[in-house]
Amino acid sequence: MVGIMILHVSANPAVPAIYVFGDSTADVGTNNYLAECGAKVNFPHHGIDYPGSKPTGRFSNGYNSIDFLAQFLGFEESPPPFLYLLRKDKKNFMRNVLNGANFASGGAGLLGITGKRPYKRVISVAEQVQQFAKVRNAYTKLLGNQAEDRLSKSLFLISVGSNDIFEYFLYNQTQIKSENFISTLLYSYEYHLRGLLRLGAKRLGIVSVTPIGCCPIIRIRSENEECSDTMNAFAKKFNLGLEALLKKLSTEGAKPMKYSIAKSYDMTLSVLNDPLSYNFKDGKSACCGNGGRLNAEERCKPDSKVCKDRNALLFWDQFHPTEVAFKLAAMALYGGGDQHIAPMNISQLAILKF
Ligand SMILES: *[C@@H]1O[C@H](CO)[C@@H](O)[C@H](O)[C@H]1NC(C)=O
Ligand SMILES: *[C@@H]1O[C@H](CO)[C@@H](O)[C@H](O)[C@H]1NC(C)=O
């Protein structure tokens, strides 16, 4: 159903700027700027299908969903990493960030501790919001009292939550009781969202958590390569709570924010259940790996093998979708109906007058 949609490409972007927060599903190279970070993908393989086969630091063989969304909204490219703008083109930093920035960091989570153990250094969502505060300062300095208006028309995309759940099951660093874990995550999410709203965000596009228990790396922990129902149940509970949270926040204040939340769980599940009807011949194994079960026993490394038919697989590596799967998701987010995203889709959120 998402396949037959016609996407219009406009010359003028529908929003003045996009700001992106979250984890590897949204990262466009942030981690390349973190010396100590162990979650870097700036080597060939990752990026093999990106223009020029360039490894940019995206966790995909090409573009990710954020890239496609930005393109559907009329941008040539999705915004560059904030750290790139901060470090590589310092002179124009203030002006550049008015056109968008990406703060997302592979491995990051809602909790500050998430990502630290496996990757040593990532940029948590709390830090990402602090970085956005620098952008907000630039707005005030350069635009004065027009800052608020431009920010209110800009789009804030957030894709986060799965790493927190993964690590809870892998390391349980917080030692939080199972029945309290999701509410802890949501409490943290609320805190970060309130931070963004205080800084002027008015249009939030939220990507929720997919059935992470079906990632290749989790499947191979079971004898029959089944999904982890427990992890999937956590993902579902998280998404339900997140929907309620957004609903609540959208009723607060004099000029409340507007939002779209993707039904990432159901969308992905329908592909997992019937990959063939979405033109995937394989919805279980990883494309980049070193063999073994589901080609997912090792992570995608510089010496890994890459599959040839990358458009036929749902998974790029142990965790992440292929570019074509990211695109399918982005199409549903941009122009899909309310079985994919609610209470409105991103194309509507972008131009809504309020
Ligand atoms: C994490 O630790 C807490 C406290 O010991 C425990 O109650 C909980 O079940 C653990 N969670 C997982 C997923 O092992
Ligand atoms: C979402 O997006 C499309 C394309 O912009 C629009 O035509 C459509 O009405 C929207 N769909 C729904 C169900 O809201």
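Whatever order the structure lists ligands and atoms in, that order sets their numbers, starting from 1. The model shown is predicted, which means the values in this text are computed figures rather than measured ones.
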Taking only non-hydrogen atoms of M344, do any sit less than 4.0 angstrom from ligand 2?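 No, M344 has no heavy atom closer than 4.0 Å to ligand 2.
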Answer with yes or no after comparing the ring centroid distance for [X] and [Y] against a 6.0 Å cut-off, counting only values under it.
| X | Y | value |
| --- | --- | --- |
| F82 | F93 | yes |
| Y50 | Y63 | yes |
| F166 | F319 | yes |

Would you say L34 and L85 are hydrophobically clustered, going by side-chain heavy atoms of ILVMFWY under 4.5 Å?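 Yes; L85 is reachable from L34 via cluster members.
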With heavy-atom distances below 4.0 Å as the criterion, list the atoms of ligand 2 near [X].
| X | answer |
| --- | --- |
| G335 | 1 (C), 2 (O), 3 (C) |
| G336 | 1 (C), 11 (N), 12 (C) |
| N345 | 1 (C), 2 (O), 3 (C), 8 (C), 10 (C), 11 (N), 12 (C), 14 (O) |

What are the two closest heavy atoms between K177 and Y168, and how far apart are they?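 Smallest heavy-atom distance, with atoms named: C-OH, 3.4 Å.
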Any disulfide (SG to SG under 2.5 Å) pairs touching residues 304-354, not counting sequence neighbours?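 Qualifying pairs: C287-C307.
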Pairs satisfying disulfide (SG to SG under 2.5 Å), at least one member in residues 131-218, at least two apart: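 Found C214-C227.
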Would one find an N or O of Q348, backbone or side chain, under 3.5 Å from an N or O of ligand 2?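 Looking only at distances, the answer is yes, because the N/O contact criterion of under 3.5 Å is met.
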For a quick test of your reading: what N or O donor-acceptor pairs under 3.5 Å do the side chains of residues 139-147 make, sequence neighbours left out?
residue, atom, partner, partner atom, Å
Y139, OH, Y19, OH, 2.8
Y139, OH, L98, O, 3.4
T140, OG1, R136, O, 3.0

Which N/O atoms of ligand 1 sit under 3.5 Å from a protein N/O, and at what distances?
residue, atom, partner, partner atom, Å
ligand 1, 2 (O), N172, ND2, 2.3
ligand 1, 5 (O), Q175, OE1, 3.0
ligand 1, 11 (N), Y168, OH, 3.0
ligand 1, 11 (N), N172, ND2, 2.9

